[in-house]
There are 2 protein chains.
Amino acid sequence: MSGISDVARLAGVSKSTASRALSGSGYVSEKTRAKVQKVAASLGYVPSTNAASLVTGRTRNVGVVIPYLHRWFFAEVLEGVQSALLERGLDLTLYDASPGTEARRRIFEDFLARKRFDGLIAVGLEPEDHELEQLLRIGRPVVSVVGSGPATTVIGIDDDDAARRATQHLIALGHRQIAFVGGGSSRWASVDRRRLTGYRSAMAEAGLTELASHIPSEVTLPGGYAAAVDLLGASPTRPTAIVAVCDEVAIGAIIAARRLGIRVPSDLSVVGIDDHEYAEMFALTTLRQIPREQGRAAVALLEAQLDDPASGPTQVASTARLIVRASTGPVDDRHSVMQSDPRPGIDHVM
Amino acid sequence: MSGISDVARLAGVSKSTASRALSGSGYVSEKTRAKVQKVAASLGYVPSTNAASLVTGRTRNVGVVIPYLHRWFFAEVLEGVQSALLERGLDLTLYDASPGTEARRRIFEDFLARKRFDGLIAVGLEPEDHELEQLLRIGRPVVSVVGSGPATTVIGIDDDDAARRATQHLIALGHRQIAFVGGGSSRWASVDRRRLTGYRSAMAEAGLTELASHIPSEVTLPGGYAAAVDLLGASPTRPTAIVAVCDEVAIGAIIAARRLGIRVPSDLSVVGIDDHEYAEMFALTTLRQIPREQGRAAVALLEAQLDDPASGPTQVASTARLIVRASTGPVDDRHSVMQSDPRPGIDHVM
DNA sequence: TTGAAAGCGGTACCAC
DNA sequence: GTGGTACCGCTTTCAA
């Protein structure tokens with residue numbers, strides 16, 4: 001393992017000059033720079049980030065705090081973050097902080113306090129009050145993707161608007177019995193709340209407040225499935241349409257409908273939010289967000305704050321785009337129309 | 001930010017004593033130790049890992065190289081690794097190395113060379129020859145979960161055996177037309193290859209070599225769906241059973257079958273390998289592996305190698321357990337039996 | 001049992 | 001433009 005002194009010696013210069021030549025800061029003649037770099041390369045010299053950090057205080061590492069790895073949205077954001085960091089030569093330290101676990105407590109208590117990073121990206125974190133306090137006490141910039149985060153930069157989509165437009169899409173198709181499925185079964189995520197609000201306001205605007213109903217469920221595919229089985233199987237006044245809190249729940253609902261012999265979209269329309277990787281396979285109408293891009297944007301925002309600590313927190317909310325596929329269609333009041341297409345709901349089979 | 005010197009000064013001892021008292025190595029009187037620790041606590045002292053690493057050479061950080069984040073198996077392993085590291089107070093640096101990407105090249109070329117970790121855990125990595133060489137050149141212990149890895153510790157299930165038993169299960173139910181679905185469409189993962197081999201040997205042992213067939217597909221749920229649509233929709237001699245390379249493919253196949261009006265298991269039996277989080281929802285018969293445990297085991301193995309560098313590479317393969325649910329059943333040659341149960345295949349509705 | 005001092009591998013200030 | 005040197009914060013001999 002050759003160090004910078006080895007490089008310096010073999011290049012016939014001092015450590016300081018070698019350092020300048022390699023890090024690119026400070027005056028070095030073109031000639032010596034070339035020489036030093038050649039020697040460094042021939043030696044396979046790799047600078048010790050550790051040593052550099054010790055003196056500069058910069059770690060060239062970013063921490064990512066994330067509560068779930070196995071949910072589509074989170075995994076996508078993480079991939080986006082990783083790729084953007086990679087391009088900048090930055091490392092990524094992962095903190096998997098499932099809500100309510102001992103692991104999460106230790107992360108906030110011990111791991112984050114070590115400050116082995118220049119900044120933090122929190123994905124859908126929804127920190128408790130004392131957690132938020134701990135987060136700020138660290139004294140490093142924090143960028144949140146989704147989730148709440150006063151005093152930090154937050155980025156995401158306009159959830160209220162997305163759910164409202166999803167609902168409006170169904171209303172425009174003539175639906176009135178529209179249920180909102182998902183969220184609220186255990187921990188309420190603020191995202192889910194905002195989406196429910198958007199749904200409710202669209203219902204209210206259409207004078208359908210009386211018909212609005214919220215079916216709680218785990219925010220997962222099996223959760224959506226289970227909730228839909230209950231909703232569709234038992235209810236005497238079954239809804240003609242569902243707004244799902246996200247695509248996973250929407251897909252679970254579609255699978256449940258199929259199992260129950262309910263045709264999508266002729267008997268039931270379903271709209272989600274996400275544009276999940278399975279959305280096309282299920283011909284799901286949805287409001288598209290691109291979490292990977294949100295992850296990349298988070299890195300860019302963090303970088304900006306790192307370069308200029310004075311720049312305060314920003315709020316960035318993009319607008320989700322409605323993607324109409326075949327899981328939504330006009331309401332059919334007759335309930336007994338002949339089906340000419342043997343496979344309704346799938347016109348984009350992969 | 002108080003450093004160890006502050007602690008030392010306030011405790012009225014030297015830096016060295018403070019260091020010993022806090023790190024727990026070396027002789028310190030019980031009295032001074034208590035004193036030092038009290039002062040450290042009151043100051044909120046957090047040692048700089050950086051500075052410690054610089055002198056000890058140990059980073060207390062583990063690198064995880066993983067090609068996919070959005071696939072169930074990988075996410076589960078990662079969670080297992082993370083939780084086991086957390087318990088040991090170790091950080092986790094993530095390297096997302098999708099095969100064939102520029103990002104992956106840079107990871108192997110630049111990032112790993114920095115050695116910001118004491119050891120590496122490679123998940124399903126399947127390194128190319130030159131990548132493997134780079135991996136070994138780093139001179140840090142490497143533990144692989146799945147994937148190939150000569151000269152490194154490898155842990156996983158006996159894939160050949162798992163696929164063989166999946167196939168035998170179907171044969172025992174009377175099936176003969178059994179297709180193997182998945183893998184081989186683009187990059188062949190060695191896991192997938194071993195599973196295909198297991199399937200083939202079971203077919204051969206039963207004298208069914210002639211009937212064996214491999215339907216390639218992407219190893220994803222939509223991949224399995226697409227392959228099954230082709231296989232089940234078009235084929236005049238449709239198989240009565242499918243062995244899927246993993247649960248995601250199996251579930252895709254079940255969804256495809258339902259769309260095509262093919263009943264599972266009366267018209268088609270499907271068996272997978274994994275015991276995916278959706279397996280129960282689809283009543284999928286499968287060979288269970290517990291990737292989270294594999295992740296935890298990887299950490300334990302790495303720790304062993306870290307503590308005793310002399311201990312050579314180990315190979316650990318556990319045996320997958322057959323979980324029989326309702327996606328497999330006896331072959332029905334009459335093809336027109338009355339169905340008494342209106343919802344075949346789902347007796348474990350969630 | 002404790003303290004003094006020498007680094008770990010770099011960066012950065014300052015004089016030349 | 002370049003070299004000397006102090007120092008980042010901690011661990012670790014070595015003496016006392």
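No hydrogens, no waters, no symmetry mates; every other heavy atom, side chains included, goes into these values. A, B, ... follow the sequence lines: proteins, then strands. Residue 1 opens every chain.
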| Pair of N/O donor and acceptor under 3.5 Å linking dG4(D) base with Ser16(A) side chain | yes
| task | Confirm from the modelled atom types if Lys15(A) and dG10(C) form a donor-acceptor pair under 3.5 Å, side chain to base only. | result | yes
Quickly work out the [X] [atom1] to [N] [atom2] distance and round it to whole Å.
{"X": "Arg58(A)", "N": "dA12(C)", "atom1": "CZ", "atom2": "C1'", "result": "16 Å"}
{"X": "Lys35(A)", "N": "dG1(D)", "atom1": "NZ", "atom2": "P", "result": "19 Å"}
{"X": "Arg60(A)", "N": "dG10(C)", "atom1": "CZ", "atom2": "C1'", "result": "15 Å"}
{"X": "Leu22(B)", "N": "dT11(D)", "atom1": "CG", "atom2": "C1'", "result": "12 Å"}
{"X": "Arg9(A)", "N": "dG3(D)", "atom1": "CZ", "atom2": "C1'", "result": "16 Å"}
{"X": "Tyr45(A)", "N": "dG9(C)", "atom1": "OH", "atom2": "C1'", "result": "7 Å"}
{"X": "Asn50(B)", "N": "dC8(D)", "atom1": "CG", "atom2": "C1'", "result": "10 Å"}
{"X": "Met1(B)", "N": "dC7(D)", "atom1": "CE", "atom2": "P", "result": "22 Å"}

| task | Specify the residue among Ser48(B) and Arg20(B) whose closest nucleotide of DNA chain D lies further upstream toward the 5′ end. | result | Ser48(B)
Name the closest nucleotide to the [X] side chain, picking from [options].
{"X": "Thr32(A)", "options": "dT11(C), dC10(D), dT2(D)", "result": "dT2(D)"}
{"X": "Val13(B)", "options": "dT12(D), dC8(D), dG3(C)", "result": "dG3(C)"}
{"X": "Ala52(B)", "options": "dA12(C), dG1(D), dC10(D)", "result": "dC10(D)"}
{"X": "Ser14(B)", "options": "dC10(D), dT12(D), dG3(C)", "result": "dG3(C)"}
{"X": "Tyr27(A)", "options": "dT12(D), dG1(D), dG10(C)", "result": "dG1(D)"}
{"X": "Ile4(A)", "options": "dG7(C), dT2(D), dT11(C)", "result": "dT11(C)"}

| task | Check whether any side-chain nitrogen or oxygen of Ser5(B) sits under 4.0 Å from OP1 or OP2 of dG9(D), and answer yes or no. | result | no
| message | I want to check one thing: is the phosphate of dG10(C), taken as OP1 and OP2, less than 4.0 Å away from some side-chain N or O of Ser19(A)? | response | no
| task | Would you confirm whether Arg105(B), through its side chain, and Thr101(B), through its main-chain N or O, come within 3.5 Å as a donor-acceptor pair? | result | no
| task | May I ask you to decide if Asn61(B)'s main-chain N or O and Thr59(B)'s side chain share a donor-acceptor pair within less than 3.5 Å? | result | yes
| remark: Comparing nearest nucleotides in DNA chain C, the 5'-proximal residue of the pair Gly26(B), Val46(A) is Gly26(B)
| note | Interatomic distance, CG@Leu10(B) vs OH@Tyr45(B), rounded to 0.5 Å, equals 13.5 Å
| field | Between Ser14(A) and Thr17(A): side-chain donor-acceptor atoms closer than 3.5 Å | value | yes
| query | Would Arg106(B) and Glu87(A) pass as an ion pair if we require N to O under 4.0 Å? | reply | no
